[in-house]
There are 4 protein chains.
Amino acid sequence: MTSLAEDPHLDPDEAARQARGRMRSAQILGAAARLMERTGSQAMSMQALAEEAGVSVGLIYRYFGGKDDLLFAVIVDVLDSFATRVPEAVAAAKPDPVEQLAAAFRAYCEVINDKRHAAVLTYRESKSLSDEHRRRTKELEVSTSDPLRQLLRQGIDGGLLLDVDVDLVAYNLLLVAHGWALKHWYFEHTHGFEDYVGKQTALALGGIVAPRYRRRYAHLLAL
Amino acid sequence: MTSLAEDPHLDPDEAARQARGRMRSAQILGAAARLMERTGSQAMSMQALAEEAGVSVGLIYRYFGGKDDLLFAVIVDVLDSFATRVPEAVAAAKPDPVEQLAAAFRAYCEVINDKRHAAVLTYRESKSLSDEHRRRTKELEVSTSDPLRQLLRQGIDGGLLLDVDVDLVAYNLLLVAHGWALKHWYFEHTHGFEDYVGKQTALALGGIVAPRYRRRYAHLLAL
Amino acid sequence: MTSLAEDPHLDPDEAARQARGRMRSAQILGAAARLMERTGSQAMSMQALAEEAGVSVGLIYRYFGGKDDLLFAVIVDVLDSFATRVPEAVAAAKPDPVEQLAAAFRAYCEVINDKRHAAVLTYRESKSLSDEHRRRTKELEVSTSDPLRQLLRQGIDGGLLLDVDVDLVAYNLLLVAHGWALKHWYFEHTHGFEDYVGKQTALALGGIVAPRYRRRYAHLLAL
Amino acid sequence: MTSLAEDPHLDPDEAARQARGRMRSAQILGAAARLMERTGSQAMSMQALAEEAGVSVGLIYRYFGGKDDLLFAVIVDVLDSFATRVPEAVAAAKPDPVEQLAAAFRAYCEVINDKRHAAVLTYRESKSLSDEHRRRTKELEVSTSDPLRQLLRQGIDGGLLLDVDVDLVAYNLLLVAHGWALKHWYFEHTHGFEDYVGKQTALALGGIVAPRYRRRYAHLLAL
DNA sequence: TATGAATGAGCCTTCATTCAT
DNA sequence: AATGAATGAAGGCTCATTCAT
């Protein structure tokens, strides 16, 4: 009921309980993402989810407020992954805006590939969210795309990129990254994931890298 | 549902009846698209649809087989518009693959703008379709994107465009066209429709027009 | 549940345990009465009761057989108070049937005032009891009202009271005593408890005291 | 949907529909009162009600907003009967406050006897009502008891009755009237309805009729 | 053609009860 | 003695679909 800030020195029982709780959450969340992707969030019945997750119906309600919160939690889980892994990828890339942009885009795609089931929900199920949840989702989406916008801005300011509409290009990159999940069933047979990311990177950068720097980024622009 | 080519020799009563029938269909279809866009197809109740359309529940079942058929009909209605208006736009454009490509893309965007409510359903509600309907929807989508692929192929063969992956670029163009409907609530405040189409055309072509022809298409590439 | 007369020779540990047990019982029983009065016994969830009582759900089941037994225990607790305190009040009053009747009535009212939460349950929740529990409740209610009937009979036999229907008058007195709990929210602002008891005593006796003895009981009959 | 004030000249179809609607309402309301009395309103399941009423579950929701509204409707139905039949009885009685008081009390008892199932609900189920419904119920109860208070006031002003607490006596009369429903299972074997009403009238009036007028109302005061 | 009353299967959610710790 | 995670049956309610008028 009352839970102090998680203290690692808490008694072991409490720690074990929390660990089991997190496991349960993940177990249910994963099952929910799978089912929602398969049939849509509205068509997913809680009984079906219980079966897929291997728990009882009642237990789902101990961990999540209800169907709405569950959808929200699945979406937040993806957006959180973006918030974690994209900055990591940027930090690991060469200290160059364009290289970092490519790395960020790849990171978006990788998260989407990892959480393919959940990623499409952002696009498909936003109407099923409550007003409050929709608002918070939009906030997260915006802040999630911030790295892209910052790098684009840096590239433009440094003369590496043409003076494009930053918001629009960032939106396109996200759209294309989600495109892998949306038509995954189609592309995984014709293109592999690496192929998809490489070609999309080349297409996207091809339209915005300043001509004089095209040679420098030839490894990214090669079709 | 199945309507053979109308017989011009039908008696006048029959003609009037068919006209009223088509009007009823459109009336219901429009209301359905609006409601589905507002809340998702699953959340739309047939009783709510009846009210929105200004008819009784029973009547909907006289014109459409059921809820599934209704969703399918709404989607087919959009895809039909593509099939009609894109070729028209191509025929009306200058006889140049790149010009025609731009015209086709604009036509896609215009249809999506006109039927914004219904357009998003293609992305959002495909999982709600029956297997048979989903199969036919995919078929239509593929044939719908044929003009793009043909024009890209022509442009590449004529040396006007770089040797890009035709399927991928066509997919991107459709993705971006639908992007207008998906984030319409966001862009309509920052970019107008014309702005959106112009900039997206420039971005897309900027990445694929062969360098030596960039000047010829400067009016399309201007950011 | 079943508690034999405690053995005074029990070891001290056992005694302490029993004491804690009784405290727990009272703690849970009080919380149950409060919650039941607030929302009805059916609407009271065992988890809510656990929270209100400050114990775990499991513990409730160690002390009470289940929800049904709990309701029964709450009701029995009130009826037990009647069985204890009414005879005490009668014994403490002057040795006169009418004085004792007034004292008994006052005692009923006092118990009801003390256990207002639980008292209404007798009226409101009898339908929620199992057949067996309902039977035993009725038995207790009847024996609970015995003092009233006996005193009325004595008064009539001694010529102090008119020859009224003993059962009916006893029933009325109980009804009016419970009336304090039923409309407590209303009367506590217009009449105080003392006012209520005094006036009701006067009204009830006013209708049944033999005319020739009205002066003797003027202190009870004054409106 | 839009229903003008009921016009007797409305087309016959509409009239027939309204008639059937009222029949359905009564059919469901009666079944609800029976079941609620038998097991309590909370324990009554909507499926059980549907079966008892001989309709489908869904239909209940066409006529009543839900379980809450149903309970409220049942209670209002009783209170409405009071509002109708008590004034009628007063008007039909001799033009004398005490005679009219007795007639009013009898009318209360008769309504309660007729709608025994529903009458107890006022006492038992008030906690199951929503705040708004409880407020409106209380309003109705107060106005329902107005005739009693008025007649008592008249009797006192005319010197026919002792100067008793009007609110309290009115409350007692209602309590005793409901007492017939509350312990009906007990009294119907020992007293008949007529016996109950007669004796209660005598008891109640016996305590409040001014001594000098006791002979005039001997027919009401005879035990 | 058109209506809308009626149906009932199925869904989300709650909660009494159990049991491993 | 005490906890609370876990279960699953049951209930309120919705809504796609039918059919008499």
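Bear in mind the structure is a predicted one, so any value in this text is a computation, not a measurement. Residue numbering restarts at 1 for every chain, and letters A, B, ... go by the order of the sequence lines.
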Worksheet item: How do C:Val55 and D:Gln42 order along DNA chain F: which one's closest nucleotide is nearer the 5' end?
Response: C:Val55
Discussion item. Judged by each residue's nearest nucleotide on DNA chain F, which is more toward the 5′ side, B:Ser45 or D:Asp68?
Written reply: D:Asp68
Discussion item. To check you understand the geometry: which heavy-atom pair defines the closest contact between D:Ile28 and D:Ala53, and what is its length?
Written reply: CA-CB, 4.2 Å
Practice prompt. Could you tell me the separation between the CE atom of B:Met36 and the P atom of F:dA16, rounded to a whole number of Å?
Written response: 10 Å
Item to complete: May I ask which nucleotide in the shown strands pairs with E:dC12, Watson-Crick or G-U wobble, both distances under 3.5 Å?
Response: F:dG11
Response to the item:
Whichever of B:Ser56 and D:Leu59 has the more 5' nearest nucleotide on DNA chain E, that residue is B:Ser56
Item to complete: Check B:Leu49 against B:Ala32 and note the closest heavy-atom contact, atom names and distance.
Response: CD1-N, 3.5 Å
Worksheet item: Expressed in angstrom and rounded to an integer, what is the separation of D:Ile60 atom CD1 from E:dA6 atom P?
Response: 12 Å
Worksheet item: So does C:Glu125 pair up with D:Lys127, basic N to acidic O under 4.0 Å?
Response: no
Discussion item. Please report the distance, rounded to the nearest Å, between CE in A:Met23 and C1' in F:dA6.
Written reply: 13 Å
Worksheet item: Rounded to whole angstrom units, what separation is found between the CG atom of C:Leu49 and the P atom of E:dA16?
Response: 9 Å
Worksheet entry | G-U wobble or Watson-Crick pairing nucleotide for F:dA1 (cut-off 3.5 Å, both distances) | none
Discussion item. Distance check needed: F:dA20 C1' versus D:Arg17 CZ, whole Å only.
Written reply: 13 Å
Item to complete: Starting from P on E:dA16, measure out to CD1 on C:Ile28 and report it in whole angstrom.
Response: 15 Å
Item to complete: For A:Phe64, report the nucleic acid contact type (base, sugar-phosphate, nothing); a contact means any heavy atom under 4.0 Å.
Response: nothing
Practice prompt. Provide, to the nearest angstrom, the distance between the CE atom belonging to A:Met46 and the P atom belonging to F:dG12.
Written response: 20 Å
Worksheet item: Phosphate oxygens OP1/OP2 of F:dA2: is one of them under 4.0 Å from a side-chain N or O of C:Tyr61?
Response: no
Response to the item:
Smallest heavy-atom separation, B:Ala43 atom then A:Gln42 atom, equals CB-NE2, 3.8 Å
Discussion item. Whether the side chain of A:Gln47 and the base of E:dG10 hold a donor-acceptor pair under 3.5 Å is what I'd like checked.
Written reply: no
Worksheet item: Would you find a donor on one side and an acceptor on the other, under 3.5 Å apart, between the side chain of C:Thr39 and the backbone of C:Met36?
Response: no
Worksheet item: F:dT17 P sits how many Å from B:Arg62 CZ, rounded?
Response: 16 Å
Discussion item. Does C:Arg24 reach a base, just sugar-phosphate, or nothing at all? Heavy atoms under 4.0 Å.
Written reply: sugar-phosphate
Fill in: Residue mapping more 5' on DNA chain E - nearest nucleotide basis, C:Gly66 or B:Gly58
B:Gly58
Worksheet item: Which part of the nucleic acid, if any, lies within reach of A:Arg20 when heavy atoms closer than 4.0 Å are counted: base, sugar-phosphate only, or nothing?
Response: sugar-phosphate
Discussion item. Using OP1 and OP2 only, check whether a side-chain N or O of C:Tyr63 sits under 4.0 Å from F:dA2.
Written reply: yes
